[in-house]
Amino acid sequence: SSSQVDKDEL
Amino acid sequence: MNVFRLTGDIAHLLAIILLLMKIWKTRSCAGVSGKSQMMFALVFTTRYLDLITNFISLYNTTMKMIFIASSYGTLYLMFLKFRATYDSNHDTFRMEFLVVPVAGLSFLVNHDFSPLEILWTFSIYLESVAILPQLFMISKTGEAETITSHYLFALGSYRALYILNWVYRFYFEGFFDLIAVVAGCVQTVLYCDFFYLYITKVWKGKKLTLPA
């Protein structure tokens with residue numbers, strides 16, 4: 001799942 | 001970062017600048033849906049709550065601040081400074097028909113049942129349908145100013161470029177976010193009709209008019 005850390009997209 | 005995401009972000013920034021320019025230069029927000037702009041401001045607010053807590057890069061922080069500031073700046077221009085030119089008679093799409101189901105869905109379908117993650121999911125789902133009041137307004141007025149059509153083309157292109165970014169990241173980084181991809185595809189599909197009209201008309205120098 002996309003955890004907080006790899007939310008690097010705008 | 002990859003070329004698709006970078007050009008996508010630039011297209012998004014260009015769209016926002018085009019809209020601000022249109023309103024500022026014509027001193028009018030005629031033909032622009034205030035409801036869509038309100039939802040975009042909500043999208044940025046709920047998505048960028050980690051702006052303070054989670055530093056990713058200077059680029060990321062700068063762009064988030066620009067998007068938040070410009071979306072509220074657009075609301076200021078539309079609902080305060082040039083309020084007299086706001087065309088509320090044609091901006092009649094019921095936002096609650098979008099916000100309520102999107103809020104419900106973000107509680108049901110998300111990656112993690114935490115406040116920040118649910119708000120992020122809400123913003124992703126909301127962004128995918130936030131343009132509907134604007135497209136609805138154009139269908140009601142039957143036309144759009146050329147600069148407004150350029151704004152919509154840039155705005156629609158940004159998420160289409162993000163889809164290419166997700167394809168790239170899937171194959172080269174093994175990154176895949178089903179929620180973002182599905183919502184991004186829905187968002188882009190909603191522009192297809194407009195893209196067709198824009199390319200067949202505006203690129204030939206005609207005004208964007210909808211067939212009566």
Side-chain angles (χ1 to χ4, degrees), chain A, chain B residues 1-2 4-6 8-13 16 43-44 47-51 53-57 59-68 109-121 123-124 127 158-159 161-163 165-166 168-169 173-181 183-184:
Chain A
S1 80
S2 77
S3 65
Q4 195 52 36
V5 73
D6 65 7
K7 285 247 188 330
D8 62 340
E9 294 185 346
L10 289 177
Chain B
M1 176 58 79
N2 58 67
F4 303 110
R5 182 142 62 100
L6 188 59
D9 290 339
I10 291 168
H12 197 181
L13 186 62
I16 291 173
V43 164
F44 292 133
R47 189 176 304 178
Y48 298 159
L49 292 171
D50 62 350
L51 182 61
T53 59
N54 190 16
F55 180 80
I56 289 167
S57 70
Y59 171 81
N60 190 273
T61 302
T62 310
M63 291 295 268
K64 284 178 176 178
M65 292 169 91
I66 292 172
F67 286 166
I68 287 180
V109 181
N110 52 60
H111 291 311
D112 178 38
F113 202 78
S114 67
L116 220 50
E117 190 69 24
I118 287 177
L119 284 169
W120 176 85
T121 308
S123 93
I124 290 288
E127 187 189 7
Y158 126 73
R159 214 61 179 172
L161 287 161
Y162 254 70
I163 292 172
N165 150 67
W166 289 319
Y168 176 93
R169 294 190 75 180
E173 300 170 18
F175 171 88
F176 182 69
D177 182 339
L178 185 62
I179 286 177
V181 170

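What's counted below: heavy atoms across the whole structure, side chains too, no hydrogens, waters or symmetry copies. Lettering of chains follows the sequences in order, A, B, ..., and the numbering in each one begins at 1.
- By the side-chain hydrogen bond (donor to acceptor under 3.5 Å, both in side chains) test, B/T121 is found to be paired with no residue, residues two or more places apart in sequence or in another chain being considered.
- In this structure, the separation between CG on A/L10 and OH on B/Y158 is 7.5 Å, given to the nearest 0.5 Å.
- Between B/R5 and A/D8, the closest side-chain pair of non-hydrogen atoms falls below 4.5 Å.
- Side-chain atoms of B/N165 and A/E9, non-hydrogen and from C-beta on, do get closer than 4.5 Å to each other.
- Counting heavy atoms of neighbouring residues, nucleotides and ligands inside a 6.0 Å radius, atom CE of B/M65 does not exceed 12 of them.
- When the side-chain hydrogen bond (donor to acceptor under 3.5 Å, both in side chains) test is applied to B/S114, the partners found at least two apart in sequence or on another chain are B/D112.
- Interface check for chain A: of the options B/Y59, B/F67, B/Y162, the most heavy-atom pairs under 4.5 Å are formed by B/Y162.
- Looking at B/N60, the atoms closer than 4.5 Å to chain A (heavy atoms on both sides) sit in the backbone and in the side chain alike.
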